[in-house]
Amino acid sequence: MTQLVVGRVQISEAARVTGATARSLRFYEQEGLIQPGRCANGYRDYCAATVDRVLLVRSLLDSGLPTALIQRVLSAPAASTEPAAPVPDALRAEVELYRQRVAVQVERLTARLSALDDLLAG
DNA sequence: GTTCTAACA
DNA sequence: TGTTAGTA
């Protein structure tokens with residue numbers, strides 16, 4: 001598949017369409033979450049695939065996954081930009097472990113809600 | 001004017 | 001992450 005040259009944008013536009021700040025975009029690159037290209041003047045240039053990738057990264061970040069784990073999950077062979085792409089077993093185990101920890105947090109928060117409900121009801 | 005890197009009242 | 005400084 002050929003990349004559309006018309007889809008290349010610089011950081012401000014990439015930030016606008018993804019909802020991330022330019023600062024965040026540079027941070028994602030620094031953490032190896034995205035790899036935007038570079039223009040002759042040194043400016044970063046975001047192709048459609050990279051913009052798409054930013055969207056995926058953000059959704060994963062929203063789910064609470066640590067950037068370090070996201071970096072490994074997305075650098076895996078099969079998982080490039082497809083959210084549904086198969087995740088290698090070793091990484092899947094880490095994601096599941098993280099999910100379990102989130103579940104524990106949910107239980108604690110639920111308990112806190114109950115405590116507050118009791119306070120308000122009592 | 002926009003982006004870049006580096007760094008922090 | 002924000003923000004500012006000094007550039008290219």
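Here is how names work: the chains are called A, B, and so on, in the same order as the sequence lines, proteins then strands, and each is numbered from 1.
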Per-nucleotide protein contact string for nucleotides 2-9 of chain B (B base, S sugar-phosphate only, - none; heavy atom under 4.0 Å): BBSB----
Under a cut-off of 3.5 Å for both distances of each Watson-Crick or G-U pair, what dot-bracket string does DNA chain C give, using [ ] for crossing pairs and | for inter-strand pairs? .|||||.|
N/O donor-acceptor pairs under 3.5 Å from side chains in residues 10-19 of chain A, not counting sequence neighbours:
from	atom 1	to	atom 2	distance (Å)
A:E13	OE1	A:R16	NE	3.0
A:E13	OE2	A:R16	NH2	2.9
A:T18	OG1	A:A14	O	2.8
A:T18	OG1	A:A15	O	3.4
A:T18	OG1	A:A20	N	3.3

What side-chain donor-acceptor pairs closer than 3.5 Å can you find for residues 25-41 of chain A, not counting sequence neighbours?
from	atom 1	to	atom 2	distance (Å)
A:E29	OE1	A:R44	NH1	2.7
A:R38	NH1	A:G42	O	2.9
A:N41	OD1	A:Y43	N	2.9

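Applying the salt bridge (Lys or Arg N to Asp or Glu O under 4.0 Å) test to residues at least two apart or on different chains, none of the pairs has a partner in residues 55-69 of chain A. Here side-chain hydrogen bond (donor to acceptor under 3.5 Å, both in side chains) pairs that include residues 109-122 of chain A, with residues two or more places apart or in two chains, number zero.
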Below 3.5 Å between N/O atoms, which protein atoms pair up with nucleotides 4-6 of chain C? Just atom names and distances, please.
none

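Listed for the A:Y98 side chain is no donor-acceptor partner under 3.5 Å among the backbone atoms of A:P66. A:S75 places a side-chain N or O within donor-acceptor distance of the main-chain N or O of A:Q71, the cut-off being under 3.5 Å.
Remark: A:T21 pairs with A:S24 by the side-chain hydrogen bond (donor to acceptor under 3.5 Å, both in side chains) rule, at least two apart or across chains. For A:R72, the side-chain hydrogen bond (donor to acceptor under 3.5 Å, both in side chains) criterion is met by A:E94, not counting sequence neighbours. Residues passing the side-chain contact (heavy atoms from CB on, under 4.5 Å) test with A:E107, sequence neighbours excluded: none.
In the hydrophobic clustering of this structure, A:V95 groups with A:L61; members are Ile, Leu, Val, Met, Phe, Trp, Tyr whose side-chain heavy atoms approach within less than 4.5 Å, directly or through other members.
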